[in-house]
Amino acid sequence: MTVVEARRTDLSAFLRSRRERITPEMVDLAPGPRRRTPGLRREEVAQLAGVGVTWYTWLEQGRPINASPQVLDAISRTLRLDSAERHHLYRLAGQAADPVPVDSGQVTPEMQGILDRLGDLPACVSNSRCDVLAWNDAYAALFPELVEAPDGERNSLWHACLHLKPVTRLADRDQELARAVAVFRGAYSRHADSPCWQDFVRRLSAESAEFARLWARQDVAEPGPRVKGYKHRDLGSLRFSTTSLSAMPEIRLIVYTPMDDRTRLAMSRLMSMREPAR
């Protein structure tokens, strides 16, 4: 399958998944008898968006047709796409306005210095594919299996899907993993032409049925600050707010700030037990 064919296949699956979640009642249509299609029918989407039924059917089937920004906007409104989903649709349809930034994967000494100066605040540098490129001692103390993983697997998404009993695990793993996959899909749509990204999705889908199931849902989300709960094997419940700062295109600095005294004391204890990694 060529890159263009792969994008059309992704576009077809995405449109179908978004159409199937919109019920007739949500758009003031009568449900009607013998409704076998989940959500809206293709002809209903076409009618509401003001486009031809045949044209929309071909678009959803992934046929080689062009869609203008105005038409994509109409379809976005009809399918009630949020900002992340709308940008995802534009990329799949070949209407992305911004060039894809280059992910250099390079961590400068200045970036490592910032990490080290954060002390007891766990922090790492990650790219948009979720590869962990650099970290400080507090991050290594909190997520030891992740930082000790071999090249190619030192990836937070890979780790979350395949390491089910780590030292520090997510308290609400199902919800957080689903969101992580949705955020990853938003980044993937910018890099769908890259063999490295394609290979990563293939490998993780083969290794993790859970990832394959979430990937098939076609959900898309934008990254942003989060409050995450964790369970540490020895120290119990921990709560952090995560802040993501853009260090350069496709590279971000992620800082974990303790949300309560219990978590702050736990991090101090972890650091006192750990020999400096560098």
Side-chain angles (χ1 to χ4, degrees), residues 103-151 153-173 175-184 186-187 221-278:
D103 177 0
S104 67
Q106 299 296 316
V107 176
T108 66
E110 291 78 11
M111 292 165 66
Q112 186 64 61
I114 292 171
L115 288 173
D116 293 338
R117 289 185 180 91
L118 290 172
D120 288 357
L121 293 182
C124 71
V125 173
S126 175
N127 62 16
S128 55
R129 198 173 55 222
C130 304
D131 296 319
V132 177
L133 307 176
W135 55 89
N136 62 7
D137 288 337
Y139 187 90
L142 192 62
F143 304 113
E145 299 98 337
L146 177 55
V147 302
E148 293 167 6
D151 290 342
E153 297 179 14
R154 196 178 299 123
N155 178 287
S156 59
L157 185 56
W158 183 281
H159 183 80
C161 289
L162 296 178
H163 294 266
L164 303 183
K165 294 183 178 180
V167 169
T168 307
R169 60 182 177 85
L170 284 163
D172 193 354
R173 181 179 176 278
Q175 177 179 334
E176 290 297 334
L177 182 58
R179 175 176 167 77
V181 173
V183 171
F184 175 80
E222 294 178 336
R226 302 282 291 170
V227 174
K228 295 184 179 181
Y230 290 91
K231 293 284 188 180
H232 188 275
R233 184 180 300 166
D234 300 318
L235 301 176
S237 297
L238 307 173
R239 280 171 56 82
F240 296 91
S241 66
T242 62
T243 304
S244 180
L245 306 172
S246 177
M248 60 181 67
E250 298 289 297
I251 301 291
R252 53 207 170 101
L253 171 68
I254 305 171
V255 182
Y256 292 69
T257 304
M259 293 290 291
D260 49 42
D261 289 339
R262 175 190 179 91
T263 304
R264 280 186 285 273
L265 290 172
M267 284 308 307
S268 295
R269 182 178 173 188
L270 277 178
M271 293 298 289
S272 68
M273 295 186 298
R274 179 178 174 79
E275 290 292 332
R278 282 174 294 274

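- Considering CG of Leu253 and OG of Ser246, their distance stands at 10.0 Å, rounded to 0.5 Å.
- The residues Asp131 and Arg129 are annotated as salt-bridged, a charged nitrogen and a carboxylate oxygen being separated by less than 4.0 angstrom.
- Taking CG of Leu177 as the reference point, atom CG of Leu157 lies at 6.5 Å (rounded to 0.5 Å).
- Counting all heavy atoms, side chain and backbone alike, Ala187 lies closest to Ser128 at CB-O, 3.7 Å.
- Between Leu235 and Ala266, the shortest heavy-atom contact is CD1-O, 3.6 Å.
- Looking at every heavy atom in both residues, Ala221 comes nearest to Arg179 through CB-NH1, 3.9 Å.
- For the pair Trp135 and Leu115, the tightest heavy-atom approach, listed with the atom from each and the gap, is N-CD1, 3.6 Å.
- Under the 3.5 Å distance criterion, the side-chain polar atoms of Arg264 are left unmatched by any main-chain donor or acceptor of Asp120.
- Here the straight-line distance linking atom CG of Asp137 with atom CG of Leu142 works out to 12.5 Å at 0.5 Å rounding.
- Sparse packing is recorded around CZ of Arg239, with 12 or fewer heavy atoms of other residues, nucleotides or ligands lying under 6.0 Å away.
- Between Leu170 and Lys228 the shortest heavy-atom distance is CD2-CD, 4.3 Å.
- Atom OG of Ser126 and atom CG of Leu133 lie 6.0 Å apart (nearest 0.5 Å).
- In this structure a side-chain-to-backbone donor-acceptor pair under 3.5 Å is present from Glu145 to Val167.
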*asked:* Show, in sequence, the C-alpha distance, side-chain angles and deciding distance for Thr242 and Arg226, and conclude whether the side-chain contact (heavy atoms from CB on, under 4.5 Å) test is met.
replied: CA-CA 5 Å; Thr242 62; Arg226 302 282 291 170; 3.5 Å; yes

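- Between atom CG of residue Leu245 and atom CD1 of residue Ile114 there is a gap of 9.5 Å, rounded to the nearest 0.5 Å.
- Annotation: side chain of Leu270 is in contact with side chain of Met273 (closest heavy-atom distance under 4.5 Å).
- Taken to the nearest 0.5 Å, the CE atom of Met111 stands 12.0 Å off from the CG atom of Asp116.
- Across all their heavy atoms, Arg154 and Ala149 have their closest contact at NH2-O, 2.9 Å.
- None of Ile254, Val147, Leu118 except one satisfies the side chain to side chain contact (heavy atoms under 4.5 Å, CB included) rule with Tyr139; the exception is Val147.
- At distances below 3.5 Å, not a single donor-acceptor pair connects side-chain atoms of Arg169 with backbone N or O atoms of His163.
- Side chains of Lys231 and Ser237: a donor on one and an acceptor on the other come within 3.5 Å.
- Taking the six-membered ring where the residue is Trp, Phe240 and Tyr230 present perpendicular rings, their angle passing 60° and hence far from 30°.
- The backbone N or O of Leu121 sits less than 3.5 Å from a side-chain atom of Asn136, completing a donor-acceptor pair.
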